[in-house]
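Heads up, the thing below is written out as structure tokens.
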Number of protein chains: 2
Amino acid sequence: MLTAKFDQLVKQLRVLPGVGQKSAQRMALHLLTKKRPQGMALAQALDDAMRDIVECQRCHSFSDDAVCPLCQDPRRDDGLLCVVETAADVMAIEQTAGYRGRYFVLGGHLSPIDGISADDLNIDQLVWRVKQEPVGELILATGTTVEGQTTAHFISEAVSRHVDKITRLAQGVPMGGELEYLDSMTLGQAMQNRSFL
Amino acid sequence: MLTAKFDQLVKQLRVLPGVGQKSAQRMALHLLTKKRPQGMALAQALDDAMRDIVECQRCHSFSDDAVCPLCQDPRRDDGLLCVVETAADVMAIEQTAGYRGRYFVLGGHLSPIDGISADDLNIDQLVWRVKQEPVGELILATGTTVEGQTTAHFISEAVSRHVDKITRLAQGVPMGGELEYLDSMTLGQAMQNRSFL
Ligand SMILES: [Zn+2]
Ligand SMILES: [Zn+2]
């Protein structure tokens, strides 16, 4: 609209979730008018994150290094392992500040319709891990969607010989809800009241 | 929360207008999970725009070059000059697709409270321009705030010897607006300036 570089910026800003043409224009004008150093810092942070953030070798969440801070933290309880679908779920549970165990990220849920089978998720790695390093409790914190429930049951079968105590988050997580959008209070309660599968 | 580079990205995303902690996290996770090439393209577009977009020497809007496309376009009418506060206003008027003249960006409005006087705006440059290049009509499209009105009057005085026809945008009831939600000042003005159907 104004210049080629402006148009390019507006177009690229629209890749952000929830940002349409109008907000992208507003963002571009705001940065150009008053926040150029901050705009450059954002460009740098974006580039760094996109290039350097990798998958943690142990939990498959995001990490700057081979093993993430949550896996390295010596104060976390090794006897508790919480299995989630995505790194966003790790973040959501961490924000409740009520869980002190470890995490394991599956990378999604089983979904025959979308062609996502067990091989597409980190399920083998999870089975291998609980075989090598026994845990006192495995918390299957997948979503409460049909796919999430199916995934939990599938994992439960796969690890049953290696884990005595397998639990699910308590009722309180609304059906069809994605963990990452849940408020911390509900999520924290659900973690505290988790039940046997 | 997850890693230092993730936290840094979330922090920098919050410089965008309308983006709080939750949306910044959601944006970062979305890019990292599914849109890394697009995230890098956004970083590049941001950096390019912040570094390379300058002020057009003629109209003081944004430009990739010394003179912007709107000032260079030979199909625009040199006899019409529309004076606005910001480049965002140029963009808003361009989107109506109903104006084919040139623009001049003041860089704000007079505001004694904020210490913004005529010297802080491009008013001298505007006076110089209409002296050098007479225009048939000068449209003072500054805001309808007190400051915008004051700015329009100030400019009107400053250029009166050089321009015959000075106009203001029509004030009235906005399209699709319900009368009951309109402020009484606007409604009173609209009533006073009513026209034949
Ligand atoms: Zn990890
Ligand atoms: Zn220009």
Side-chain angles (χ1 to χ4, degrees), chain A residues 1-19 23-33 35-54 56 61-65 68-70 86-88 90-92 94-95 107 180-181, chain B residues 1-19 22-33 35-54 56 61-65 68-70 86-88 90-92 94-95 107-108:
Chain A
M1 178 59 68
L2 291 178
T3 74
K5 281 177 185 173
F6 183 86
D7 290 352
Q8 177 64 6
L9 175 55
V10 169
K11 185 183 149 205
Q12 298 299 338
L13 280 166
R14 295 193 58 186
V15 74
L16 299 172
V19 176
S23 354
Q25 284 176 4
R26 201 156 42 89
M27 287 172 170
L29 288 166
H30 178 78
L31 291 175
L32 282 169
T33 310
K35 308 266 177 186
R36 294 210 187 199
Q38 292 91 330
M40 282 191 252
L42 171 55
Q44 187 64 58
L46 259 171
D47 198 64
D48 285 353
M50 297 301 117
R51 284 178 201 279
D52 299 343
I53 293 180
V54 293
C56 170
S61 181
F62 290 126
S63 181
D64 294 345
D65 307 297
C68 81
L70 286 172
T86 66
V90 172
M91 197 150 191
E94 279 302 287
Q95 277 166 355
E180 61 175 307
Y181 300 120
Chain B
M1 179 57 69
L2 291 179
T3 74
K5 281 176 185 174
F6 183 87
D7 290 353
Q8 179 64 7
L9 174 55
V10 169
K11 185 182 148 206
Q12 298 299 338
L13 280 167
R14 294 195 56 187
V15 76
L16 298 172
V19 176
K22 270 270 171 189
S23 357
Q25 284 176 5
R26 200 156 44 89
M27 288 171 170
L29 287 166
H30 178 78
L31 292 175
L32 283 169
T33 309
K35 309 265 177 188
R36 293 209 188 199
Q38 292 91 329
M40 282 190 252
L42 171 55
Q44 188 63 57
L46 258 172
D47 199 64
D48 284 352
M50 297 301 118
R51 284 180 201 279
D52 299 342
I53 293 180
V54 293
C56 170
S61 181
F62 291 126
S63 182
D64 293 345
D65 308 298
C68 80
L70 286 172
T86 66
V90 172
M91 197 150 192
E94 279 302 288
Q95 277 164 355

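Heavy-atom basis, side chains included; hydrogens, waters and symmetry copies ignored. In what follows, chains carry the letters A, B, and so on, assigned in the order in which the sequence lines appear, proteins first and then strands, with residues in each chain numbered from 1.
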**Q.** Contact leader toward chain A among Ala43(B), Cys56(B), Gly39(B), where contacts are heavy-atom pairs under 4.5 Å
**A.** Ala43(B)

Q) Is there a donor-acceptor contact under 3.5 Å from the side chain of Asp64(A) to the main chain of Thr3(B)? A) no

Q | Choice from Ala41(A), Pro17(A), Ala4(A) maximising heavy atom contacts with chain B below 4.5 Å | A | Pro17(A)

(Q) Heavy-atom pairs under 4.5 Å with chain B - which of Ala88(A), Gly107(A), Pro37(A) has more of them than the others? (A) Ala88(A)

Q | Close side-chain approach of Leu16(B) to Leu16(A), heavy-atom, < 4.5 Å | A | yes

Q: Have a look at Leu9(B) and tell me which of Ile53(A), Leu42(A), Asp48(A) forms a side chain to side chain contact (heavy atoms under 4.5 Å, CB included) with it.
A: Leu42(A)

Q: Go through the structure and list residues passing side-chain contact (heavy atoms from CB on, under 4.5 Å) with Ser61(B), not counting sequence neighbours.
A: Leu2(A), Cys59(B), Ala87(B), Val90(B), Val105(B)

Q) For Val10(B), is it the side chain, the backbone, both, or neither that has a heavy atom closer than 4.5 Å to a heavy atom of chain A? A) neither

**Q.** Considering all heavy atoms, the nearest Ala49(A)-Arg36(B) contact
**A.** O-NH1, 4.0 Å

(Q) Within this structure, what is the CG-CD distance for the pair Leu46(B) and Gln8(A), rounded to the nearest 0.5 Å? (A) 10.5 Å

Q: Kindly indicate whether the side chain of Lys22(B), heavy atoms from C-beta on, has any atom under 4.5 Å from the side chain of Gln95(A).
A: yes

Q. Do Phe62(A) and Lys5(B) touch side chain to side chain, with heavy atoms closer than 4.5 Å?
A. no

Q: Please look at Lys11(B) and chain A and tell me whether the side chain, the backbone, both or neither of the residue comes under 4.5 angstrom of a heavy atom of that chain.
A: neither

Q) Who are the side-chain contact (heavy atoms from CB on, under 4.5 Å) partners of Met40(A), not counting sequence neighbours? A) Asp47(B), Met50(B), Arg51(B)

Q. Relative to chain B, which segment of Thr33(A) carries a heavy atom at a distance below 4.5 Å: side chain, backbone, both, or neither?
A. both

